[in-house]
Every structure is written in C-alpha cells, then in structure tokens.
Trainee: 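What follows is a structure written as structure tokens; I'll ask about it next.
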Amino acid sequence: MEKFTVLEGVAAPMKLVNVDTDMIIPKQYLKTIKRTGLGTGLFSEMRYKDDGSENPDFVLNQSAYRNARILVAGDNFGCGSSREHAPWALLDFGIRCVISTSFADIFYNNCFKNGILPVVVSQEDLDKLFDDAERGANATLTVDLGAQEIRGPDGGVVRFEIDPFRKRCLMEGLDDIGLTLEKAASIATYETAKGVERPWL
C-alpha cells in the first residue's frame, strides 16, 4: 500500500449529502476483483450521459478538477452497501483523501485498508474547505497526516483527529498483509516450536 504522509493537490467540491456506494461505483462494475481500472466507473451515473458522453456539469468533468486528489464531500459519505470497490474506484481515479462531516462506518474502515485518508471535520470547517475547493484550479489543499492538519491556499489551517493506529498504518503504508508480515519472525519462531512439539502437524 502506498504511504500517505503529506498530500498536496486540487480539491474537488461535491456538496451532495448521503452519497452512497452505488453512486460512487454502480453495480455493473462489481464483476471484477481487480483494484485497477475502476476509475472510469467512478460516479459514472453522474459523470456520463445516457449516450456515454461526459456530463459537463459534473464536477470531475470540469477542467479544473479532472486531476483532483482530494474530495470535499457532504455529510454521510459512503453510506449504503459495503462494497470495497468504492474506495478502489476513488483510488484508481487518483483520490487519496475524502473530507466530510461524517462517513458510513464500513466505507470509512475500507478507506484506511486501501490507502485513502477519510477526514472528519466540523460543518464550519467543511464550509471553509468548500469555499477553498470552489476556486477551481486554485483550489490546492495540503493534507498533512503527521501534523493532522489541512492547509488551505490562503494559509488557513483545519485540524483533525485520527486514531493513532490507523495513522501509523497509513504513514507506513501498512495494510492487513503488511501488518501480518511485520510479525513474520515471531510467526516463524512459533511454527518451528510447534513443529518440534507436534511433528505430526
């Protein structure tokens, strides 16, 4: 998993509330178990018209936000089903951080397991970040995980809280497999000891 320390990038504003995982990545894209290639399907029902052409009104189709790395979103982001394809699609598009006042629990947990930082802020702070994000190409935010702060283009700072264990995993690029491999020596010692005690295993 790619490490997350400091992320500087364009922030796209999405003021919709209750964006569910079916809106993030519709069901027709769930046939794959690969984590790559899903970026084209991200928000597809909003990004594309019925004829397959781009919807120019959708924020990620606008020239200033095509390379957005950060999403500033409305309340209760990621609700609905538990599909892990939702963070996969965000990550494949290039989004490494989503900022909102609240997230659905399963989506929130899946973000950390896939290298995306979900940041919970107050409504007041979210409104400030929406103002920053609505500046288009000048909407660059800096998300500093070590300092636990978001710095705006005018020098404003928004602080956020995060679980220390999850923070460490993101900063060191550790997913569940990586965490297990950290214990490889202990696991090998245990297996050797059990092999001596119970050679039939």
Side-chain angles (χ1 to χ4, degrees), residues 2 4 7-32 34-104 107-108 110-111 114-143 150-154 156 158:
E2 184 180 351
F4 189 117
L7 173 67
E8 182 175 346
V10 170
M14 183 177 285
K15 287 191 170 182
L16 298 173
V17 298
N18 302 319
V19 171
D20 64 29
T21 52
D22 189 52
M23 293 170 69
I24 297 171
I25 186 72
K27 61 184 178 300
Q28 62 266 30
Y29 296 94
L30 304 185
K31 297 173 184 176
T32 181
K34 295 180 180 178
R35 300 186 184 200
T36 57
L38 290 169
T40 56
L42 180 69
F43 299 118
S44 67
E45 293 180 355
M46 293 184 282
R47 275 172 73 193
Y48 307 112
K49 297 180 180 179
D50 290 341
D51 64 3
S53 63
E54 288 188 349
N55 173 7
D57 296 327
F58 186 68
V59 63
L60 295 179
N61 288 338
Q62 296 167 15
S63 59
Y65 301 112
R66 284 186 179 274
N67 297 312
R69 307 287 313 280
I70 301 163
L71 192 63
V72 183
D75 187 56
N76 195 30
F77 190 86
C79 56
S81 69
S82 60
R83 63 189 69 172
E84 197 169 6
H85 292 68
W88 291 356
L90 286 164
L91 194 62
D92 194 58
F93 182 86
I95 303 290
R96 291 292 314 276
C97 178
V98 182
I99 305 167
S100 180
T101 51
S102 69
F103 295 90
F107 174 83
Y108 184 78
N110 281 339
C111 280
N114 289 282
I116 296 175
L117 173 62
V119 176
V120 177
V121 297
S122 68
Q123 185 62 55
E124 181 182 1
D125 285 336
L126 188 71
D127 291 340
K128 292 176 187 174
L129 294 169
F130 271 133
D131 287 341
D132 289 334
E134 286 169 349
R135 299 182 189 189
N138 297 318
T140 300
L141 297 179
T142 301
V143 182
I150 303 164
R151 297 187 286 272
D154 294 332
V158 171

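Only heavy atoms go into these numbers, but all of them, side chains included; no hydrogens, no water, no symmetry mates. Counting from 1, the numbers follow the sequence of the chain as shown.
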Trainee: Please step through side-chain contact (heavy atoms from CB on, under 4.5 Å) for the pair Asn67 and Val10, ending with a clear verdict.
Mentor: CA-CA 7 Å; Asn67 297 312; Val10 170; over 6 Å; no
Trainee: Begin with the C-alpha distance, continue with both residues' side-chain angles, and end with the deciding distance and a verdict on side-chain contact (heavy atoms from CB on, under 4.5 Å) for Ile24 and Phe107.
Mentor: CA-CA 11 Å; Ile24 297 171; Phe107 174 83; 4.0 Å; yes
Trainee: Would you mind listing every salt bridge (Lys or Arg N to Asp or Glu O under 4.0 Å) that reaches into residues 121-142, with sequence neighbours excluded?
Mentor: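 Output for this query lists Lys15-Glu134, Asp125-Lys128, Asp132-Arg135, Arg135-Asp154.
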Trainee: Side chains of Thr140 and Glu8: does their closest heavy-atom pair fall under 4.5 Å?
Mentor: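 The answer is yes; the side chains approach within 4.5 Å.
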Trainee: Which pairs pass salt bridge (Lys or Arg N to Asp or Glu O under 4.0 Å) with one or both residues in residues 55-65, sequence neighbours excluded?
Mentor: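 Those involving residues 55-65 do not exist here.
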Trainee: Below 3.5 Å, can you tabulate the donor-acceptor pairs from side chains in residues 71-90 to any protein atom, sequence neighbours excluded?
Mentor:
residue, atom, partner, partner atom, Å
Asp75, OD1, Thr101, OG1, 2.7
Asp75, OD1, Ser102, OG, 2.6
Asn76, ND2, Asn18, OD1, 2.9
Ser81, OG, Thr21, OG1, 2.9
Ser81, OG, Arg83, NE, 2.8
Ser81, OG, Arg83, NH2, 3.4
Arg83, NH1, Asp22, OD1, 3.1
Arg83, NH1, Ile25, O, 2.8
Glu84, OE2, Asn114, ND2, 3.0
His85, NE2, Thr32, O, 2.7
Trp88, NE1, Asn114, OD1, 2.9

Trainee: So, using ring pair (Phe, Tyr, Trp, His ring centres under 6.0 Å) as the criterion, who are the partners of Tyr108 when residues are at least two apart?
Mentor: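 Partners of Tyr108 by the ring pair (Phe, Tyr, Trp, His ring centres under 6.0 Å) criterion, ordered by chain and then number, come out as Phe103, Phe112.
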Trainee: CG/Leu141 to CZ/Arg151 distance, rounded to the nearest 0.5 angstrom?
Mentor: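 Spacing of CG (Leu141) from CZ (Arg151) equals 10.5 Å.
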Trainee: How long is the span from the CD1 atom in Ile150 to the CD1 atom in Ile70, to the nearest 0.5 Å?
Mentor: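 CD1 of Ile70 is found 8.0 Å from CD1 of Ile150.
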Trainee: Going by side chain to side chain contact (heavy atoms under 4.5 Å, CB included), name the residues that satisfy it together with Arg96, two or more places apart in sequence or in a different chain.
Mentor: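 Expected list: Glu2, Phe4, Leu7, Arg69, Leu91.
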Trainee: Any idea which heavy atoms bring Ala12 and Ala68 closest together, and the distance?
Mentor: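 Of all heavy-atom pairs spanning Ala12 and Ala68, the closest is CB-CB, 3.8 Å.
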Trainee: Tell me, which pairs form a side chain to side chain donor-acceptor pair (under 3.5 Å) where one or both residues lie in residues 36-49, sequence neighbours left out?
Mentor: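 As it turns out, there is no side chain to side chain donor-acceptor pair (under 3.5 Å) pair with a partner in residues 36-49 once direct neighbours are skipped.
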Trainee: Where do Leu126 and Ile99 come nearest, in terms of heavy atoms and distance?
Mentor: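 Reported closest heavy-atom pair: CD1-O, 3.9 Å.
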Trainee: If we only count heavy atoms from C-beta on, is the Cys97 to Ile116 side-chain gap below 4.5 Å?
Mentor: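 In short, these two side chains do not touch, never coming nearer than 4.5 Å.
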Trainee: Roughly how far, to the nearest 0.5 Å, is the CG atom of Leu60 from the CE atom of Met14?
Mentor: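 With rounding to 0.5 Å, CE (Met14) is 5.5 Å from CG (Leu60).
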